[in-house]
Visitor: 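Okay, handing you the structure first.
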Amino acid sequence: MREYLLTLCITAAVTYLLTGPVRKFAIVAGAMPEIRARDVHREPTPRLGGIAMFFGLCAGLLVADHLTNLNEVFAKSNEPRALLSGAALIWLIGVLDDKFEIDALIKLGGQMIAAGVMVMQGLTILWLPIPGVGNVALTQWQGTLLTVALVVITINAVNFVDGLDGLAAGMVCIAAGAFFLYAYRIWYSYGIEAAAPGTLFAAILMGMCLGFLPHNMHPARIFMGDSGSMLIGLVLSAGAISITGQVDPDALNLYAGSEKAAVHQTVPVYIPLLLPLTIIAVPAADLVLAIVRRTWRGQSPFAADRGHLHHRLLEIGHSHSRAVLIMYFWSALIGFGALAYSVNSASMWIVLGVVFLSAVGLVLLLLPRFTPRVPVWAQRFVPPRYRRRRRAPEATAAAEAATGSEAEAPGGEERTPVTAGVSGVNGATAIGARSRFLDRR
């Protein structure tokens, strides 16, 4: 555990220290695109944050290669080199997109090529545990197609959710934390060496996200861009493929019986890892809804819009920080709920806890829709928006006198009082209401 934590800290430190120079380089290089209609930020912000994250990945792998226990991962497996090759390719494509805005189909082709490079070096799914059937071995073509599809879906799910400051990095960090706990349990508790690469990938991924988050929290000083979002999506999918496709479920010996029974017993463990979309279910749901919404309108599935889940949270009335925290909450609930269920699937308390927290999450989602009446004694303990506004008697009398009778102008002309809905942010000035339309008279 200490070597994994050391690798995590080194990765986070390198990513954090390099993000500042990378920001200056992005400004000089002109990687500050104009604000688009779908953007939430108000000022041009530099991209290319994925450069710092990629060098953090390289530093983590380099440090792990020189540690005593983690050195065996590089000696016995080719998966770290496969990850580095695929990550370098997808990172290069992301850097070009952050600078020159390349076509979506070209990016999709690059994602498939990066996944194919990892498959050629041995990082692929070899078999699947299917409930009621057993351990099903896959052919070379089946494993390749399934691996490429899993990598592409995960990359685009993370890329689609990267719409608010700190959202993608935080959600992937939460997913990587849940993944690390499970992978470490498989490697340390059951002594299965095939789970060591996936555990290392999860630790490095957590370090990349934690090192970048201080620069990316609202208001963000730099964005990770596609060079960062596609990179962390590929690392997350690589860890899931490493454990799901390489670890034999029967080697866990969780159930002393037939192979079918053993696989059925370990289904709660392997389903979240077979489909990392279960861990990052919120980005996956956002991806599916975006594809359906855009194709229903006759648009390309890769056409950008403002219909993502985080955009809808802002439209409901949540602030930027609250929308990000709500997305964090749902990611942690799904990821760690699946982890707890995999440890003890027979416990009813786990199911009840997940149901209760889901109800709490729904209340948080709908919080701006209603304004409850808080008692006078409890108003000091709630946010200002839930407090009752009390006016002085003199102000109340003056307001009633102003609205109850018509005031006369100095020239003798009658003047209609301005209603409350016209002032403030709706465009009123010190003289009167300001119309947004020209006077056609």
Side-chain angles (χ1 to χ4, degrees), residues 1-20 49-50 52-77 79-84 87 123 166 168-217 224 228 231-243 246-247 269 272-273 276 279-280 328 331-332 335-336 338-340 342-343:
M1 177 62 78
R2 289 179 298 179
E3 294 186 353
Y4 284 115
L5 292 179
L6 177 61
T7 304
L8 187 152
C9 293
I10 294 297
T11 305
V14 172
T15 304
Y16 176 79
L17 294 176
L18 289 180
T19 304
M53 303 178 78
F54 176 74
F55 283 106
L57 170 66
C58 296
L61 292 175
L62 182 62
V63 169
D65 190 18
H66 289 79
L67 297 178
T68 304
N69 295 327
L70 295 183
N71 185 31
E72 299 179 359
V73 177
F74 296 83
K76 297 181 180 180
S77 174
E79 295 181 5
R81 285 175 284 274
L83 171 65
L84 185 59
L123 188 57
M171 293 181 65
V172 173
C173 184
I174 293 172
F179 185 86
F180 173 79
L181 292 178
Y182 171 75
Y184 183 79
R185 175 172 173 262
I186 297 295
W187 174 76
Y188 183 77
S189 300
Y190 297 98
I192 300 177
E193 295 294 335
T199 310
L200 176 62
F201 297 165
I204 292 177
L205 181 58
M206 290 176 61
M208 295 166 59
C209 297
L210 290 176
F212 185 73
L213 267 176
H215 300 273
N216 191 234
M217 295 302 293
M224 68 172 64
L231 177 63
I232 59 178
L234 182 135
V235 177
L236 180 60
S237 62
I241 291 170
S242 175
I243 289 203
Q246 305 291 334
V247 177
V269 178
L273 303 176
I279 292 181
I280 52 170
Y328 284 177
S331 298
F336 287 96
L339 175 66
S342 67
V343 174

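Just so you know, these numbers use all the heavy atoms, side chains as well, and skip hydrogens, waters and symmetry mates.
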Visitor: Evaluate the side-chain proximity of L210 to L8: yes if any heavy-atom separation is below 4.5 Å, no if none is.
Guide: yes

Visitor: Looking at S77 and P80, what are the two nearest heavy atoms and their distance?
Guide: O-CD, 3.9 Å

Visitor: Is there a side-chain contact between L205 and F179 (heavy atoms, below 4.5 Å)?
Guide: no

Visitor: Using side chain to side chain contact (heavy atoms under 4.5 Å, CB included), reason through M224 and L231 one step at a time and then give a plain yes or no.
Guide: CA-CA 10 Å; M224 68 172 64; L231 177 63; over 6 Å; no

Visitor: To the closest 0.5 Å, what do you measure between SG (C173) and CG (L236)?
Guide: 11.0 Å

Visitor: Going through the checks in order, is the side chain to side chain contact (heavy atoms under 4.5 Å, CB included) test met by F212 and I232?
Guide: CA-CA 12 Å; F212 185 73; I232 59 178; over 6 Å; no

Visitor: Provide the closest heavy-atom pair for I174 versus A332 in the form atom of the first, atom of the second, distance.
Guide: CG2-CA, 3.5 Å

Visitor: Contact between T15 and L57 at the side-chain level, heavy atoms closer than 4.5 Å - yes or no?
Guide: no

Visitor: So how far is it from M53 CE to N216 CG, rounded to the nearest 0.5 Å?
Guide: 8.5 Å

Visitor: Within a strict 4.5 Å, meaning less than it, do heavy atoms of the V172 and M206 side chains meet?
Guide: no

Visitor: Between D65 and N71, is there a donor-acceptor pair closer than 3.5 Å when you use the side chain of the first and the backbone of the second?
Guide: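 Such a contact is absent between D65 side chain and N71 backbone.
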
Visitor: Quick one: are Y4 and T199 in side-chain contact, heavy atoms under 4.5 Å?
Guide: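 Side chain of Y4 against side chain of T199, heavy atoms only: contact under 4.5 Å found.
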
Visitor: Would you indicate whether the side-chain heavy atoms of V235 and I204 approach each other to under 4.5 Å?
Guide: no

Visitor: Report the distance from atom CZ of F54 to atom CE of M208, rounding to the nearest 0.5 Å.
Guide: 9.0 Å

Visitor: Using every non-hydrogen atom in the two residues, find where A196 and V73 come nearest and quote the distance to one decimal.
Guide: CB-CG2, 3.7 Å

Visitor: Would you say the side-chain atoms of E3 pair up with the backbone N or O of N69, donor to acceptor, closer than 3.5 Å?
Guide: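 Judged by distance alone, yes, a pair lies under 3.5 Å.
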
Visitor: Got a second to check how far L61's CG is from F74's CZ, nearest 0.5 Å?
Guide: 5.0 Å

Visitor: OH of Y16: more than 12 outside heavy atoms within 6.0 angstrom?
Guide: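 No, OH of Y16 has 12 or fewer neighbouring heavy atoms, counting only those of other groups under 6.0 Å.
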
Visitor: Would you find a donor on one side and an acceptor on the other, under 3.5 Å apart, between the side chain of R185 and the backbone of F180?
Guide: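 Checked: no pair found.
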
Visitor: Taking all atoms of both residues into account, what is the closest heavy-atom pair of A59 and V14, and its distance?
Guide: CB-CG2, 3.8 Å

Visitor: Rounded to the nearest 0.5 Å, how far does CG of L5 lie from CD1 of I10?
Guide: 12.0 Å

Visitor: Judged by atom type as modelled, is there a donor-acceptor pair below 3.5 Å linking the side chain of S242 to the main-chain atoms of A238?
Guide: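 Absent.
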
Visitor: Taking all heavy atoms of T11 and all of G207, pick out the closest pair and write down the distance.
Guide: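 That would be CG2-C, 3.9 Å.
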
Visitor: Looking at SG of C209 and CG of L213, how far apart are the two atoms once the value is rounded to the nearest 0.5 Å?
Guide: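 One gets 6.5 Å once the value is rounded to the nearest 0.5 Å.
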
Visitor: Answer yes or no: is there a side-chain heavy-atom contact under 4.5 Å between F201 and E79?
Guide: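 F201 vs E79: side chains touch.
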
Visitor: Please give me the minimum heavy-atom distance between G20 and H215, naming the atom from each residue.
Guide: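 Of all heavy-atom pairs spanning G20 and H215, the closest is N-CE1, 4.2 Å.
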
